[in-house]
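Just so you know, ligand 1 is whichever comes first in the structure, and atom 1 is the first atom listed for that ligand.
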Amino acid sequence: VSSAATQPPRGTRLPGPPTSRRAATLRAREAPGDGRRTATPVRVALLGLGTVGSAVARLATRVSLDGRDIHLTGALVRDNARAREAAGVPVTTDVDAIVAARPDIAIEALGGAEPARTIVLECLRRGVHVVTANKSLIAAHGDELRAVARASGAALRDEATVIAGVPFLATLARRPLACEVTSVTGILNGTTHFLLSAIERGETFAGALAEARRLGLAESDPSSDVDGIDASEKLAILVRLLGRLRLSPASVARRSIADVTPHDLQHAAILGGTLKPVAHAAWSGPTVHAFVGPAFVPASHPLASISGVTNGIVLTSASGPLFYGGPGAGPEITARTLLDDVAEVARGERLPWPEDGTAAEAAASPQVSWLLRISSPAPLPGGSDLADLLASHGVFVRRGSESSDPGAGESRWLLTWPVVKVRVDAALDAVRGATGCAATAFRSVEDTHAL
Ligand SMILES: NC(=O)c1ccc[n+]([C@@H]2O[C@H](COP(=O)([O-])OP(=O)(O)OC[C@H]3O[C@@H](n4cnc5c(N)ncnc54)[C@H](OP(=O)(O)O)[C@@H]3O)[C@@H](O)[C@H]2O)c1
């Protein structure tokens, strides 16, 4: 990181193409056309100096961008009385001071929709490029921010918002024809994947959560991960980019992973698959079917073979399934991805802006298989009685597995043939009413993606 005290000559600080009036005045002083690099530092402001912002500050002392140092012009925080690791970076609670320090690029790692939206809008309006890791911001306000950025000539980059450890958003944005996509099925949240992988090894949900907290993988309030809020925001970003549809994260059907047991995973394996924390969206015209939650994934599906904190995503594209996988989003990899975005912006590389989006409409529930769990402290009705009751509601059983435990009663796991959700809900209501059993259903991911 170069000295915080000195600033480069005014005309050298904006690295992007001179699309704004301010940038145009700087064109003459940019890098010479003979390919020689200027040593002008890239001036970067940090919006947020928490887990991600601090990781960026640390990384910025060790790397250069195309031979250019990173000069951290200041960091915006909520409480500047706290001692900070990032020695030498001026810390402030004043947004005006951040902009007055004339950064070329602001890295936004504040989190949440506000005040991040207001602050980012302010930066973009003033021609400061923005690179963000904030999925809540982009999922809720991406279109508004992009419109302001386009008008001012500033760049807005968001590779770090979805599986930062696997850079692929920019690739998809650059290749709209090769990557024409009609559905997305992914494991987009490393924390829930870690939890289900631990439950698969026999841990209870509470035990797995305690371990995730010990390892720094789960927040003290884990609801955003466990209840699928985080994944629904990432899904909305993907549907906007790939389906050109504006999908509100709040409209995504969500199911928590908190009631998944080691027995569920054991019997899912017996039935030929596993349970994974899946985010799925499929679209046709303006209609989208989207859900987030634990889902039965057949063993042959690419997502079945990854575990732990690994993320993966399968896209149904015009040319066949595309599979991206790798580490999720720890602070270090997020910092690297943010600085790679900064480097691209500093080189003047621009992504095509996404086409105008259409408001997404809810699609009818598709026919898919379901993994049913029916359990009771008392003996369960005979297998054929249960199957008949389900069949009377149009739900037909493909295969089943059961366990009995003197302490915990009996449980049966039934994998159905494809059927719409409304029939499954009615059938399980009937089972509960007729037998007093507890009953739940996990959606399945169809095995149409074998690579
Ligand atoms: N953590 C990860 O591994 C990770 C990975 C990928 C993406 N992300 C995303 O990156 C973003 C930041 O995450 P994080 O884990 O770094 O969060 P964090 O540790 O809570 O840090 C947030 C930072 O923003 C500052 N801040 C928050 N509200 C502010 C306000 N109203 N005014 C001024 N400053 C404010 C905080 O100031 P104080 O320091 O004074 O509290 C803190 O420095 C989130 O959108 C997250 O989803 C995180």
Under 4.0 Å from a heavy atom of [X]: give me the atoms of ligand 1 that qualify, with their elements.
X      : answer
Pro115 : 30 (C), 31 (N)
Asp79  : 40 (O)
Asn134 : 45 (O)
Pro331 : 3 (O)
Lys135 : 47 (O)
Gly330 : 3 (O)
Leu49  : 23 (C), 42 (C), 43 (O)
Leu110 : 22 (C), 24 (O), 25 (C), 26 (N), 27 (C), 34 (N), 35 (C)

* To do: Show the numbers, then the answer: is there a side chain to side chain donor-acceptor pair (under 3.5 Å) between Asn80 and Thr93?
  => CA-CA 6 Å; Asn80 68 356; Thr93 56; 4.5 Å; no

Using distance alone, with no hydrogens and no angle criterion, decide if [X] and [Y] have a side-chain donor and acceptor under 3.5 Å apart.
X      : Y      : answer
Ser183 : Thr316 : yes
Glu180 : Ser317 : no
Thr192 : Asp225 : no

* To do: Would you give the length of the straight line joining atom NE2 of His193 to atom NZ of Lys276, rounded to the nearest 0.5 angstrom?
  => 3.0 Å

* Distance in Å, Leu235 CG paired with Lys135 NZ, rounded so as to fall on 0.5 Å steps -> 13.5 Å

* Have a look at Thr191, Val77, Thr51 and point out the one with the heavy atom closest to atom 33 (C) of ligand 1. =>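 Among Thr191, Val77, Thr51, the closest heavy atom to atom 33 (C) of ligand 1 belongs to Val77.
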
* Apply ring-ring contact (aromatic ring centres under 6.0 Å, His included) to His267 and list each qualifying residue two or more places apart in sequence or on a separate chain. =>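 Listed in chain order: Trp413.
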
Look at [atom] and say which protein heavy atom is nearest, naming residue and atom and giving the distance to 0.1 Å.
atom                    : result
atom 12 (C) of ligand 1 : Ala109 O, 3.3 Å
atom 36 (C) of ligand 1 : Arg78 NH2, 4.0 Å
atom 7 (C) of ligand 1  : Ala133 O, 3.5 Å
atom 44 (C) of ligand 1 : Gly111 CA, 3.5 Å

For [X], is at least one N or O under 3.5 Å away from an N or O on ligand 1?
X      : result
Ala329 : yes
Val52  : yes
Gly50  : yes

* Asked: Taking non-hydrogen atoms only, is Glu114 closer than 4.0 angstrom to ligand 1 via side chain, backbone, both or neither?
  -> neither

* Between Thr334 and ligand 1, which residue portion shows a heavy-atom distance shorter than 4.0 Å: side chain, backbone, both, or neither? ->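 Near ligand 1, Thr334 shows its side chain, while the N, CA, C and O stay back.
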
* To do: Tell me whether the centres of the aromatic rings in Tyr324 and Phe168 are closer together than 6.0 Å.
  =>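 Centroid distance Tyr324-Phe168: below 6.0 Å, so yes.
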
* **ligand 1 contacted by Arg82 (non-hydrogen, < 4.0 Å)** => yes

* **Pairing residues for Ser136 by the side-chain hydrogen bond (donor to acceptor under 3.5 Å, both in side chains) criterion, not counting sequence neighbours** => Glu233

* To do: Begin from the C-alpha positions of Arg347 and Glu349 and carry the test salt bridge (charged side-chain N to carboxylate O under 4.0 Å, His left out) through to its verdict.
  => CA-CA 6 Å; Arg347 283 197 296 271; Glu349 289 176 20; 2.8 Å; yes

* Determine, counting only non-hydrogen atoms of the protein, whether one lies under 4.0 angstrom from atom 38 (P) of ligand 1. => yes

* For atom 10 (O) of ligand 1, state whether the nearest protein heavy atom is under 4.0 Å away. =>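 Given the 4.0 Å limit, the answer for atom 10 (O) of ligand 1 is yes, a protein heavy atom qualifies.
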
* Kindly say whether Asp96 contributes a backbone atom to a donor-acceptor pair with the side chain of Asp94 at under 3.5 angstrom? => yes

* To do: Determine the minimum heavy-atom distance between Glu159 and Thr337, stating which atoms define it.
  =>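 Nearest pair, atom of Glu159 first, then Thr337: CG-CG2, 3.5 Å.
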
* **Salt-bridge present (Glu144, Arg117; N to O < 4.0 Å)** => yes

